[in-house]
Amino acid sequence: MVVGKILLQGGMVVSGSETKQADVLINGDLIEAVGPDLADQLQDRDEAEVVDCSGKLLFPGFIDPHTHFQMQASKCVTADDFDSGTRAALAGGTTVILDFTTQNRGETLMFALERWHRMADGHCSCDYGFHMSITDWNEEVRSEIPLMTENGVTSWKVYMAYPALRISDIEIYEILQAVQEEGGIVGNHCENGDLIDAVTHALREQGKLGTEAHPIAHSRGIESEAVNRYLVIAEEAGTPVNIVHLSTKEGLEFARKARKRGQTVCIETCPQYFFLDDSLYSLPDFEGAKYVFSPPARKKEDQDALWEALENGEIDTIGTDHCSFNFAVEKRIGEHDFSAIPNGIPGVEHRPALMYTYAVDTGRISKEAFCRLLSENVAREYGMYPKKGLIAQGSDADIVVWDPNAEGVITAADQTQNVDYTPYEGMKTKGRAEKVYLHGELAAQDGKVVKTGLGRYVHRGPADLSFRDKREE
Ligand SMILES: [Zn+2]
């Protein structure tokens, strides 16, 4: 599609390393130039639409590395599909989402990938890519790993929990080595599945069926043991690893120890682990079900440890684990048994404003660190940099014009996410995506999508973990 030139004038352009005043010239779907006073260089001033960005921050489009859209749970499907989920992402300033393709047992990886393409292709309003979750490891699947690379899938997921998904330690070991040969990276859902099942069984026997039992069945030790085990497996395999949705202080400490031993360990966490705590599970009237996700919300000391890690640069990426179920419908499946509540919360729309408000505006982290956590590091780790994750000549014109002073309140009534609640209801925000450009087209403005269906599949390359090595120095 041919789009005219757009000049974003007078804003502050943020990257992972600096913030500087610069104009940005968009030509078609790419960034043509970044620099001072670009208007002077235009042949004819009228050839570009000039957008005044003074007082605004320009970020490379945010990337959410962790969503579950149109995902089948045991007895239902998520409230957000690729249509509403990617619209919600875009509304908040996220221009790429990475969703999890899951191989069901007995399927080939290609079969699973094609199923996800059928769900997503032609339905997305922001760009999208897929991680591949392996649940059935065998020689045929091993031989498909290069094929996935050819198809732009270079990041992987394994589960240590959930009966239908979990695989054994030796399988994880072999997958780590096979993926390493292709330059990919493997994320892990770190929870001890045997213990979840045993404790859940015991709680049910005791008649403890309310939502307050959820964090007991997914205790902190159940996560941290699995984190440590994964790190030991990775050390034996000699590969880097990614820990997704890290939630506990103890898990963080195991990751620190592994890094001290010289291992390359990437850490993702999510807004829920900063803002929600386990007291929510004791809310009356089944309200606790709104916060049933795994790993669950933790204690204040875990939140404090994660904040400290965020400030120290020990956290690499922030995803949402967006996996939405309506409180009035799907969550009710577990009304009489917490273990039947579909796990997950919405968040894809609100991650940028939440993290900007409570991490940047409060002075805990810099704008540059925010840029790394929500965009640059994500683009590098998942093989999209510098097409994504950077405002520079030749990069995709995915740009968020951010108003650092816009004040708002998060409410379900006002959200684009297609779900009947938000776990962040009533939280105040400062800063929001005023304009969101996707491949050079204005796709969202003032929190609302103005152009749908622009999303393209992102064919990704090998992982670049240099940001992690640099931190180690
Ligand atoms: Zn997830």
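Just follow the structure's listing: the first ligand is 1, and inside any ligand the first atom is 1. What you see is a predicted model; the values in this text were computed from it and never measured.
- Considering CD of E381 and OG of S466, their distance stands at 11.0 Å, rounded to 0.5 Å.
- For H66, the nearest N, O or S atom to the Zn ion (ligand 1) falls under 2.8 Å.
- Taking CD of E268 as the start and OG1 of T317 as the end, the distance is 4.5 Å to the nearest 0.5 Å.
- At a threshold of 2.8 Å, the Zn ion (ligand 1) has a backbone or side-chain N, O or S atom of H68 nearer than that distance.
- Residues H245 and F293 place their aromatic rings such that the two centres sit no closer than 6.0 Å.
- Note on D321: its N/O/S atom closest to the Zn ion (ligand 1) is OD1.
- Within the 6.0 Å centre-distance limit, the rings of H117 and F130 are counted as a close aromatic pair.
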